[in-house]
Each structure stands twice: as C-alpha cells, then as structure tokens.
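Side chains included, hydrogens not; waters and symmetry mates left out as well; all remaining heavy atoms used. A note on names: the letters A, B, ... follow the listed sequences, proteins ahead of strands, and every chain is numbered from 1.
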Amino acid sequence: MKNNKFYITTPIYYVNGDPHIGHAYTTIAADIIARFNRMLGKDTFLLTGSDEHGEKIMQAAAIDNMDPQAFVDKNSAKFEITWDNLNISNDNFIRTTSKNHKLAVQKSLQKLFDKGLIYKGEHNGLYCIGCEQYKTEKDLVDGLCSDHQKKPIEVKEDCYMFKLSVFRNIIKNKIETDELQIKPEDKKNEVLSFLNEGLKDISFSRKIKWGVELPWDTTQTAYVWPDAFLNYITGLDWNGEDKAPPMWPAEVQLMSKDIIRVHATIWIAILLGLELPLPKKLFVHGFFLVNGQKMSKSVGNVITPDDLLKNYGTDGTRYLLASATPFGHDGDISMDKFDLKYNADLANGIGNLVARSISLTKKMKDAGIKLSTNSFATNNSNQDTWGDQIFQHEIHSAWEDYKKNLDDLQLDLSIRVVQEQISFLDNYITTVKPWELIRDNNPKTGEVIYNILERIRHIALMMLPFIPETADKILSAISLDPEQEKQKGWETFTKWGGLLTDAEIKESAILFPRK
RNA sequence: CGCGGGGUGGAGAAGUUAGGCAUCUCGCCAGGCCCAUAACCUGGAGGUCAUCGGUUCAAAUCCGGUCCCCGCAACCA
C-alpha cells in the first residue's frame, strides 16, 4: 500500500548558532526533491528540525545569560524563519526538546538496555580547565587547547556504552549488497574501508543536566547519538513503540560528508538494535568552498543564507545553491559567480524568455489573432523543421531525462535539461520570427504562439520544484493554477497540449531583474 | 606503504563504470536579429585531457610508474 510513499529527511541542525549556507543547501536540496516527488503524485513527507541538547548549548546559553530552554526556543525559531524565507515545504519541524521525542528516546534506550546492548563503562575525555569543558582531538592544536594554550588533562567519567562493535559485520553486509544504499559511490567506499578497520563501542550517555535522562539512571543523560538520530522517526510522531510509523523507513536521508560515517554506523546500529527497518538510501553531498578556501569565520569569507536572500530573493537563492555545484561533490562558490549565474540563467534565461513570449502574445492579440492548434494535424506535408512532431517528441524526451536525473538526485543535471529547453525555445523564436508572422497576418501565427506558450508551460512545471514562486507566477500568467496542474497527474501535465487555446494571457512583472 | 577524491581551451564543470569525431556554461572576437530584462540567435579563436610508459585498429576513458592538489581519520551542512 505504501509503495507510493516518499519520506526524506535532512539532518537536524545544532542550534548553538545561526543558520549558515550549508544548512540552507541541504534543506533546499531536500525540499526540491520533496516537491518533485509530490509532483509525481507520491505521498511525500519532508522532515527537518533542530538538535537542542548537550554541553555546547548549555555553554552558549550561559554566555547569553539565558535558560537553556529559552535559548533553544530562540535559536530554533531562527532556523524556522530561515526555512520560511526559503519557502521550504517541510511537513514537520522536529525539536529534540519536545515531549514526545524525549519519551520515545527514553523508551528506545530502555529497550536497548534490556537487550544488553548498553552497559556501564567509562568515558575518557580530555578536559581543559580553562574552558571548563571536554575537548576532542580535533579541537586541539599541537595537543594544546587553542584558547588557553594548555594541555588538557585526561579525565575518566562513568557513562553507559553502546555495543556498536557487534554490528560491524551486519552493517558492512547491508552496505555491500546495497540493501542500504550510500551515494555517491566514493562515499560508500569510504564507509566500507572505515568499517574494515572495525568498530569500537561508543559512549551513549554523559553526566550533564541538559539532555534526556536515562530511565534507569537519572544521574546521566543521553549523549547525542541516541538523542539526535531518533528524530528521524519521532518526527513522524513515533512514541517509541515496537512498530515504526507507516512513513518509516525513509527513502532518502540527505546529509553532508562530515556526518556520513556516524550515520552509516551508529544510526544504523541503533535501528538494528531496535529491530526497526533501515533507510533505503543515505545521500551525501559536498561542502562549499569560497574561492577555493574553506568557509570560516576567521578568514571572513562566510556567506550566509541572509546574504543570498537579500541579493537574489527566495527563488534566486534556491536556484543558485541547487545549481552551484554537481550534487554530491564539493563546489567552489562566490558572490561573483552567483551574480554571473543569476544573470545568465535567471534574468537572461527564463526571465527574458517569459517576457518576450508574453509580449509577442500581446502583440498577436492586439492584431486580432487567436491562439490555435488546428492546422498542425493536417500540415505534416510541409518542410517546416519546426513541425509539431519534432516539437512534441523533444518535450517528451526532455521530461524523461528530467525525471531520471531527479530520481537519481542529480539536481544540477535536471536543471541542465531545463536550461536546454530554454535555449531551444529562444532559438525557435529567433528562427520562426513570430513578430513578422504577426505583421504579415500569417495564418500560422496562432499556432506558433501557442507552441511558444505551451513550451513555457512545460518549462514552468519543470522549474516548479526549484523555484516554486516563479513557476507559480508563470503558470498564472498563462491562466493555469499550479495546484490544479499537479492534480491532473504527471502523465497528463507532461503531455503536449495542456495549454488552453482560449487561455487569457496576462502580463507579468519582470521575474528576475538583471544585476 | 592509514583511507578516499581529484588534475580536461582564459575561468568553472561534464565525459572515465561500458575505449569510437573532446561537450556544456561563463569570458573573448566577428556577424545576425529588432519580439524581449543592453536581451536573444549564428559562427569563430582557444585544449599534445597533469606527466612518463604499456595494451589496442582506436585511450581523457583500460593497465603500470611519477609529480602535484584536496578531503577524511568518531558529534562542523
């Protein structure tokens, strides 16, 4: 029954700071994929949310002189506002401080504990007295705390451990056989070679207050792994019962490359321990570099979602991020490159194309000519290379390519298919010269303009997952309602001829002003 | 020999799984068009596909060596 469902998740973001471009990238990509699957008619659910427990939150809250709960309320709201500004169509926003989530985490931990998968152990940490906090190896420079230039002391602390090690072989097998897909291929290889080195048991709890209390030992709270990862199911209103909700498992879990290992090991082991189904696919995308450098506050080259929104608007930002780089690989970005691409693809491309098409239509109407589709069927004997057969075939194969690329999550490639359609139509207009047809009152005029507008309809629908507001504007301009179009079903709206010949064509404002 | 990825006209990328005319976007040059947001269309210049060797009728692609660059190495999208 649930063959036709599509569940996609983003990671939940740690809300000790503001949303940055990487969060936006993952979330926009997930939204595009979700919107595409809704277009296909699938029962689609998009989940994102925030990770709100842990020591760093406590510290950040203390610096702001705030209660942790008030602090995460404030910060997770910033994320929700950003997603609103980016027109993200998430079906839920899961917060790890929500009551239902905490309850489900506790039930799950108890279950793992009862099965003997959690045992009492020790956590060895590097503690910096200056910072009053634990450091990881990565935090250290030459073995010293970067803030205090002191060597941290080794501290042993009681905690509960999770038997991750026992899951190595089964996880390896599931990945090798693609029962659990990891894409792209190089990331799968990386995970497999990591698994070859073996898995160690990991700490599952800490002695800090800000977290989910362990049911059997309230002096400890859940560490990030059981707390954060379970959001992917609690986000579906799961309360920890034995059976997963019908939407689970996820078809796609999106993430960036820095967290693939923990997902492919710890998260999967938790699911195996709870005897819940595994996600179908973990898809890993790359990082952004700015002019070849890693984005960092100290270098001062950070580009924020708000910077992009201010410059390019909602749809401009969505489009530029989605097409900036091959999906699944690192990419180099800069505001200069964004400006170029904005002008080339959005202003000069789709924006100008729509403007010239609508203007031609208006001139045609002023000349008293109507849209028509009549004579093509009887007109096949002519030598016109722009005949309707070619025209229809072209659009059909374009839809196939488009769908194939999006099914494979190749966002950048599907955008390229649409760009080809735009070029094709620009070329058609230049070649057929509708302004001459109108002037000469040529009997083909109505058909030619129909062809142009019908093609605009297809382009707008292809763009719908990427730039929904703009697609909406374009469809409205040719008297179509996006929701009604989608209702017709994929097979219908991708066919040639969806535009009505009596459609009222409205002028629309400039879609993307040039930079 | 820790693991993984990469080196393709001036810039950014595709193509490598499956060998078969080196492709796309931006930039540059020349022409065209006059519907459109100084837009759009056509043509052109520019590449020994990092490098050396091998296999083959044929190599960016397969094999071996060398030189560079970049990630990861347990809670940074």
Restricting to pairs with a member in residues 10-23 of chain A, which pass salt bridge (Lys or Arg N to Asp or Glu O under 4.0 Å), not counting sequence neighbours?
-> A:D18-A:K78

Round to a whole Å and report the spacing from CG of A:N231 to P of B:rA77.
-> 14 Å

Those residues of residues 503-515 of chain A lying under 4.0 Å from RNA chain B by at least one heavy atom = A:I510, A:L511, A:F512, A:P513, A:R514

Inter-nucleotide C1' distance (B:rC3, B:rA74), Å rounded | 14 Å

Could you list the residues that satisfy salt bridge (Lys or Arg N to Asp or Glu O under 4.0 Å) with A:R95, not counting sequence neighbours?
-> A:E52, A:D73

Check RNA chain B for consecutive Watson-Crick or G-U pairs with both distances under 3.5 Å and list the runs of at least three as stems.
-> B:2-7 with B:67-72, B:10-13 with B:23-26, B:28-32 with B:40-44, B:50-54 with B:62-66

Would you please name every residue forming a ring pair (Phe, Tyr, Trp, His ring centres under 6.0 Å) with A:Y319, sequence neighbours left out?
-> none

Any chance you could list the contact pattern along nucleotides 1-9 of chain B? Use B for base contacts, S for sugar-phosphate-only contacts and - for none, protein heavy atoms under 4.0 Å, 5' to 3'.
-> --SSS----

Per-pair distances, 0.1 Å, donor-acceptor, side chain in residues 350-362 of chain A, under 3.5 Å, sequence neighbours excluded:
| unit_1 | atom_1 | unit_2 | atom_2 | d |
| --- | --- | --- | --- | --- |
| A:R356 | NH1 | A:D426 | OD1 | 2.5 |
| A:S357 | OG | A:L353 | O | 2.7 |
| A:T361 | OG1 | A:S357 | O | 2.8 |

Can you list, pair by pair, the side-chain donor-acceptor contacts under 3.5 Å of residues 504-513 of chain A, counting residues two or more places apart and other chains?
| unit_1 | atom_1 | unit_2 | atom_2 | d |
| --- | --- | --- | --- | --- |
| A:K506 | NZ | A:S476 | O | 3.1 |

Looking only at side chains, do A:S323 and A:D412 share a donor and an acceptor under 3.5 Å apart?
-> no

What string of B, S and - do you get for nucleotides 29-35 of chain B, 5' to 3', when a contact is any protein heavy atom under 4.0 Å?
-> ----SSB

Residues which pass salt bridge (Lys or Arg N to Asp or Glu O under 4.0 Å) with A:D472, listed by chain and number, not counting sequence neighbours = none

Taken in chain and number order and not counting sequence neighbours, the residues that satisfy ring pair (Phe, Tyr, Trp, His ring centres under 6.0 Å) with A:Y25 are A:H285, A:F288, A:F327

Sequence neighbours excluded, which residues qualify as salt bridge (Lys or Arg N to Asp or Glu O under 4.0 Å) partners of A:D51?
-> none

